[in-house]
Peer 1: 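Take this structure first; my questions come after.
When reading the values below, keep in mind they use all heavy atoms of this one structure, side chains included, and skip hydrogens, waters and symmetry mates. So that the names make sense, note that chain A is the first sequence line, chain B the second, and so on, each numbered from 1. It should be emphasised that the depicted structure is a prediction, and the values quoted were computed from it without experimental measurement.
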Amino acid sequence: MPALERARGLALLQKMLLIRRFEEKAAELYSAGNIRGFLHLYIGEEAVAVGALEALSPDDAIVATYREHGHALARGIPAGAIMAEMYGKANGCSRGHGGSMHIFDVSRRFYGGYAIVGGGMPIAVGLALADQLQHRPRVTACFFGDGAVAEGEFHESLNLAALWKLPVLFLCENNRYAMGTALERHQSQTDLRRKAESYLIGAEQVDGMDVLAVAAATRRAVEAVRTGSGPRFVEFLTYRFRAHSMYDPDLYRSKDEVAQWKRRDPITTFTERLREHDLLSDAELAELERSVEAAIVDAVAEAEGGAWEPVADLLKDVHSPVTL
Amino acid sequence: MPALERARGLALLQKMLLIRRFEEKAAELYSAGNIRGFLHLYIGEEAVAVGALEALSPDDAIVATYREHGHALARGIPAGAIMAEMYGKANGCSRGHGGSMHIFDVSRRFYGGYAIVGGGMPIAVGLALADQLQHRPRVTACFFGDGAVAEGEFHESLNLAALWKLPVLFLCENNRYAMGTALERHQSQTDLRRKAESYLIGAEQVDGMDVLAVAAATRRAVEAVRTGSGPRFVEFLTYRFRAHSMYDPDLYRSKDEVAQWKRRDPITTFTERLREHDLLSDAELAELERSVEAAIVDAVAEAEGGAWEPVADLLKDVHSPVTL
Amino acid sequence: MTTTTYREAVHAGLREALQTNPHVFLMGEDVGRYGGAYACSRGLLEEFGPDRIRDTPLSESAFLGAGIGAALGGERPIVEIMTVNFSLLALDQIVNNAATLRHMSGGQLSVPLVVRMATGGGRQLAAQHSHTLEGWYAHIPGIKVLAPATVSDAKGMLLAALREPDPVFIFEYAGLYPTEGDLDETAGAVNITSAAVRRAGRDVTVITYGGSLPKAIAAAAELAGAGVEAEVIDLRVLRPLDDATLLESVRKTGRAVVIDEAWRTGSLAAEVSARIMEGAFSQLKAPVARVCSAEVPMPYAKHLEDAALPQIADIVAAVRHLMTAAGA
Amino acid sequence: MTTTTYREAVHAGLREALQTNPHVFLMGEDVGRYGGAYACSRGLLEEFGPDRIRDTPLSESAFLGAGIGAALGGERPIVEIMTVNFSLLALDQIVNNAATLRHMSGGQLSVPLVVRMATGGGRQLAAQHSHTLEGWYAHIPGIKVLAPATVSDAKGMLLAALREPDPVFIFEYAGLYPTEGDLDETAGAVNITSAAVRRAGRDVTVITYGGSLPKAIAAAAELAGAGVEAEVIDLRVLRPLDDATLLESVRKTGRAVVIDEAWRTGSLAAEVSARIMEGAFSQLKAPVARVCSAEVPMPYAKHLEDAALPQIADIVAAVRHLMTAAGA
Ligand SMILES: Cc1ncc(C[n+]2csc(CCOP(=O)(O)OP(=O)(O)O)c2C)c(N)n1
Ligand SMILES: Cc1ncc(C[n+]2csc(CCOP(=O)(O)OP(=O)(O)O)c2C)c(N)n1
Ligand SMILES: [Mg+2]
Ligand SMILES: [Mg+2]
């Protein structure tokens, strides 16, 4: 492991842990009926969001999918605002309109969770186009899964971004499954970098269970994009430990396969590495766990305490107020 | 030039000439108002349809675009039935319902001209799937332009065909323009074979102005497909000598560029080659021209003489007759 | 007769179709190993194998189009689009190919394709996953559109659709999958030409389809308590609409309310309303009323979603209003 | 006032928009070097350069979505979809993103996007190139839908749309591009909230939009010769519909015919018809009539296409029938 500052290690671990505990709590609250609709957990994939977002600056934009709690938390959206959103409360980050799949926080340039697979990709291309036209040195990071690679919009978006040399960072979270359909059953070419390269987009594949590797690869790609040479593509090899959604009976993969991957848990492995290198004491770890727990408790309290948007306001946001 | 039988040379030349004269006449009739709607001429690209279709057997299926007179004629659909279609007559091959863009002849497994760019590609994939399921050793040839390569359906279709190892032959007519948009302005990667390869589809590029090269490459690809190993992709480098359609003022390319390509006219160059090799006499050429002219005259007569479908039958084909 | 769920009825229909016709196959996202997003095809992969239960990539346009092509090639495909929300990605293939190929080819081709998809809101799935677009499909010439609201239709419509020579679209209301009803297990295909009177009544005609049927029936029960006898009609077939059944009822009652989970403007309810006026104008005692969804992208929060969707109370209120109104 | 074509009016609107607001750019297939499939943007590439006049690949979904993203990023994009027929490929982006982002984000985002497309039949372009889908767009909450039928609307609606904070869809009727009318060259944005009475009359209200307006006016002239004075209303704004103007007229005339080039079932005409019944039931002397397209994929042959589309004679016949009918 290259030189790692203690503070950085702790920060990365803290973020991953926050995501993990947040989602464990969300699953619990789902079973209790406080959260409804679809809930897609990111558990197992935390290193991707945490590592990738570390490499981006606050000025960069994020476009994510319906599996975006991790990205939202890693971006710094307060856990309370996200939890309140999942409760459907007016103090939720999308005022309860979106729920788990549609987290937005424009103040943090978090342009949302998109629930139509591939649907966020053209939006990311357009955000990058605006930056290019306005000569702003910003990057738009676009997250999507391996399943999205099969959609026509993936193809159209990559071509457009490459053709116009737009500052888009395509971040593919290859967790080997699109719902219950394994990569080999939805892609003729399972080495997804080759796809990116067919648009002349520089691509890299990286271990998505290693937060430092994720951060390093993303940083390289961000730097390349910022030179104005066009988009880059990074593929993260990762795995979701939980079912696709709370509805999924998870029949399509073996317990063994899941167990194998769990041995590579990004949080436990990173914790071990930090300890090996004397970058994390028992006390620090305990304090981390405690502070994360406290944050979750606060988040739930914030959600519980939130108000419901008045039904009278149902139509209020269909259109923007006209200001002439 | 490898050994070429006289009869074959004449047959190829005859088909190309038939297409050329047919379309020259169609353009004339368009100006005269006998043909309306959109008319997309294939002039300059004849070697592609003629060479490719020579390599297919009558049992194979064809899916084409709105620029499909050439393919229809090369497939052996009578010129009169096509001309009558363009007149909108009931003796047209699609009973006047389709016009120039929608030529169908199921008896010849000609599954139509499709006017939504890329829209025929999934259909071709499905035809091939039916063959695979029924263990028929047939191939479905799917023509499309360079412009179609940008559409999401291109991507989805190639992946599906490759994933399921379907007997589809993807035939890309790269005439360097999608309407007025040059290849470099619509594709980040202009070497289109690289795209096919990114689905693990074997791909070849060939001179589309050389009918023998087209036939040879297509034959290689057809043979590969017939082994059951999945789809193949052939890219034909070609050029349209006329405007995109009769509405196109053709402002986007230089006269010089067009003139350069015209020097490579597939008909004149092939004629010269045949003569060089003593495979075509003056008399034969004159006879060919005469018989083609006669066929065009007959085709026009057939179209002129055709009846109009009765207006009372307007709704007749919206649904199939129910036969329980 | 056995009691079964709507989900099991769909499953039984699929199984029977696969057993009887070797050309039938099912294709769509997660129909195989996952067992179907709504578990409608669980176990079918094991029984019929991967050639006939085909998991597809996320490529709605390509696999819908491939269904068209396979139908042209002599197969009997059933394409499942997981939900209507994703069908927008395949709409070009539907409108421009599936629906038009027969006419455009001068009657040479037929596209014997069945497309199933889950539809509707009410499950807090928010703006991108709660659409009701059956009305759009009902606009397209060349296809038939079915909306099963009962378990026997859930099975029997599928079997009937597989006898049609042209494309048939079946909209399964997702919220109904777990609901139970009586199924005659020996029954096969059902009629797919007529609407059904689900409850007879003389005072007002309540017209609906799919997931709103249970609400309409509950509203009718409530109204009966107050002395208003509503006739409840289940459209069943959204294209072509069975005007005769509607008009017969409205000519009798003189009043009609149409319940439709779609956004009000441009809903199928508008078409039904216009047709009733066109066909029974002089018998109408009041304008045909509509109870539809609020015109808003569906919000996630339950109280907001409830407010956006037609509810039993809304139906009751609309009928009561009609009973007193003498016209606008 | 100068005489100009609808095409030139669109061109003038585009040019003025590009001149006045540096954030405005035009993006679509062949808008640049080709000059626009209908020549609406000819010369603009030369004047404004390739950053602002952007030829796109054939990727309707991606470039429409990129328009949304660019709008979020502070630009003022005008996306041209060459024709409505191809817009089906972008409909997911339109329904699920453009129209919903504001509400779904809890009011954080606005999508100030203008989308233009050519629409309509009548040019023998057959089944895949002759659609009229404005009615579908008018169903979608979160967007506005405009249908210019005159040269001044062709220009002025574009300029007005560019002042709206939310997505606006403009349907330019392709058959109108070469037609001429009077344009006040100094006029800018027009009102995009109301329908317009294009001809006053007392006997019957003829309601239409887009390419059917000239037909409606010709029919009214013919009817006037026979002593029937038709009031012709141009809807102009298809979403949100201006009920007030329609109802005011129908309350006066007691009769209405809606002309719509869409297929009849599920057309916008159905919505207009239902609204008139809902709002003016007691003043109606006869059921609202509809003159729409036959429910058939558009045939290529001219005589068949003519038979499929609403014609002046059909409008005249519908009005005459209404004048005598006492209800159905
Ligand atoms: C266009 C579309 N089709 C289908 C779905 C249903 N669906 C939701 S998530 C999903 C799988 C996506 O897989 P992937 O892109 O790999 O992301 P992951 O869930 O693995 O993170 C599917 C099929 C959808 N939301 N959108
Ligand atoms: C989906 C779609 N978008 C746009 C068009 C309009 N259009 C017709 S042909 C064409 C260019 C297609 O180019 P290419 O695929 O290279 O074929 P070519 O015309 O060169 O043979 C365009 C943009 C269309 N028909 N369909
Ligand atoms: Mg995945
Ligand atoms: Mg081309």
Peer 1: Taking the side chain as every heavy atom from C-beta outward, state whether D:Asp92 and A:Glu153 have any pair of such atoms under 4.5 Å apart.
Peer 2: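 Side chain of D:Asp92 against side chain of A:Glu153, heavy atoms only: contact under 4.5 Å found.
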Peer 1: Search all heavy atoms of D:Pro57 against all heavy atoms of A:Leu160 and return the closest pair with its distance.
Peer 2: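 The pair with the smallest heavy-atom distance is CD-CD1, 3.3 Å.
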Peer 1: Identify the heavy atoms of A:Ser320 and D:Ser110 that sit nearest to each other, and give their distance.
Peer 2: OG-OG, 2.9 Å
Peer 1: Which pair of non-hydrogen atoms, one from A:Arg95 and one from D:Gly106, has the smallest distance, and what is that distance?
Peer 2: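 Where A:Arg95 meets D:Gly106 most closely, the heavy atoms are NH1-O, 2.9 Å.
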Peer 1: Using non-hydrogen atoms and a 4.5 Å limit, figure out which bit of A:Asp131 sits close to chain D: side chain, backbone, both or neither.
Peer 2: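 Neither part; nothing is under 4.5 Å.
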Peer 1: At a heavy-atom distance under 4.5 Å, which candidate from D:His103, D:Arg54, D:His23, D:Glu60 has the highest pair count against chain A?
Peer 2: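 Max contact count across the listed options: D:His103.
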Peer 1: What part of D:Asn97 gets within 4.5 angstrom of chain A, counting heavy atoms only: side chain, backbone, both, or neither?
Peer 2: side chain
Peer 1: Nearest heavy-atom pair of A:Asp105 and D:Gln108: which atoms, and what distance?
Peer 2: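 Taking A:Asp105 first and D:Gln108 second, the nearest heavy atoms are CA-OE1, 3.3 Å.
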Peer 1: Is there a side-chain contact between A:Pro122 and D:Gln93 (heavy atoms, below 4.5 Å)?
Peer 2: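 Yes, side chains in contact.
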Peer 1: How about CD on D:Glu248, more than 12 heavy atoms from neighbouring residues, nucleotides or ligands closer than 6.0 Å, or not?
Peer 2: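 At most 12 heavy atoms, drawn from other residues, nucleotides or ligands, come within 6.0 Å of this atom.
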Peer 1: With rounding to the nearest 0.5 Å, note down the distance linking OG1 in D:Thr100 to CD1 in A:Ile116.
Peer 2: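 Those atoms lie 9.0 Å apart.
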Peer 1: Examine whether an atom of A:Leu163 lies under 4.5 Å from a heavy atom of chain D, and if so say whether it belongs to the side chain, the backbone or both; otherwise answer neither.
Peer 2: side chain
Peer 1: Do A:His319 and D:Glu164 have side chains that approach each other closer than 4.5 Å (heavy atoms only, starting at C-beta)?
Peer 2: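 No - every pair of side-chain heavy atoms lies 4.5 Å or more apart.
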Peer 1: Please state whether the side chain, the backbone, both or neither of A:Leu158 comes within less than 4.5 Å of a heavy atom of chain D.
Peer 2: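 When you check distances to chain D, no heavy atom of A:Leu158 falls under 4.5 Å.
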Peer 1: Find the distance between CD (D:Glu75) and CD (A:Gln134) and round it off to the nearest 0.5 Å.
Peer 2: 4.0 Å
Peer 1: Is D:Thr56 in contact with chain A via its backbone, its side chain, both, or neither, using a 4.5 Å heavy-atom distance?
Peer 2: both
Peer 1: Just give me the residue among A:Ser94, A:Ala130, A:Ala115, A:Gly113 that pairs up with chain D most often, heavy atom to heavy atom, under 4.5 Å.
Peer 2: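 Most heavy-atom pairs within the cutoff with chain D belong to A:Ser94.
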Peer 1: Does any part of the side chain of A:Tyr111, heavy atoms only, come nearer than 4.5 Å to the side chain of D:Leu109, both counted from C-beta?
Peer 2: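 A side-chain contact under 4.5 Å exists here.
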Peer 1: Top residue by heavy-atom pair count (under 4.5 Å) with chain D, among A:Ser157, A:Gly119, A:Ala161?
Peer 2: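 Heavy-atom pair counts peak at A:Gly119.
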Peer 1: Looking at OG of D:Ser105 and CD1 of A:Ile103, how far apart are the two atoms once the value is rounded to the nearest 0.5 Å?
Peer 2: 13.0 Å
Peer 1: In the structure I gave you, are the side-chain heavy atoms of D:Phe63 and A:Leu129 within less than 4.5 Å of one another anywhere?
Peer 2: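 D:Phe63 vs A:Leu129: side chains apart.
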Peer 1: Measure distances from D:Leu64 to the heavy atoms of chain A and classify the residue's part below 4.5 Å as side chain, backbone, both or neither.
Peer 2: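 Neither the backbone nor the side chain of D:Leu64 comes within 4.5 Å of chain A.
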Peer 1: Specify which of A:Val63, A:Leu133, A:Val125 makes the most heavy-atom pairs with chain D at under 4.5 Å.
Peer 2: A:Leu133
Peer 1: For A:Glu85, which atoms come within 4.5 Å of any heavy atom of chain D: side chain, backbone, both, or neither?
Peer 2: neither
Peer 1: What heavy-atom pair brings D:Gly142 and A:Val318 nearest, and what distance separates the two atoms?
Peer 2: N-CG1, 3.5 Å
Peer 1: Which bit of A:Arg136 is near chain D, if near means a heavy-atom gap under 4.5 Å: side chain, backbone, both or neither?
Peer 2: side chain
Peer 1: Could you tell me whether the side chain of D:Met104 reaches within less than 4.5 Å of the side chain of A:Phe104, counting heavy atoms only?
Peer 2: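 Heavy-atom side-chain distance check passes, below 4.5 Å.
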Peer 1: Out of curiosity, D:Ser61 OG to A:Glu151 CD, how far, rounded to the nearest 0.5 Å?
Peer 2: 9.0 Å
Peer 1: Identify the heavy atoms of A:Ile123 and D:Ile68 that sit nearest to each other, and give their distance.
Peer 2: CD1-CG2, 3.6 Å
Peer 1: Given heavy-atom pairs under 4.5 angstrom as the criterion, report whether the side chain, backbone, both or neither of D:Phe25 touches chain A.
Peer 2: side chain
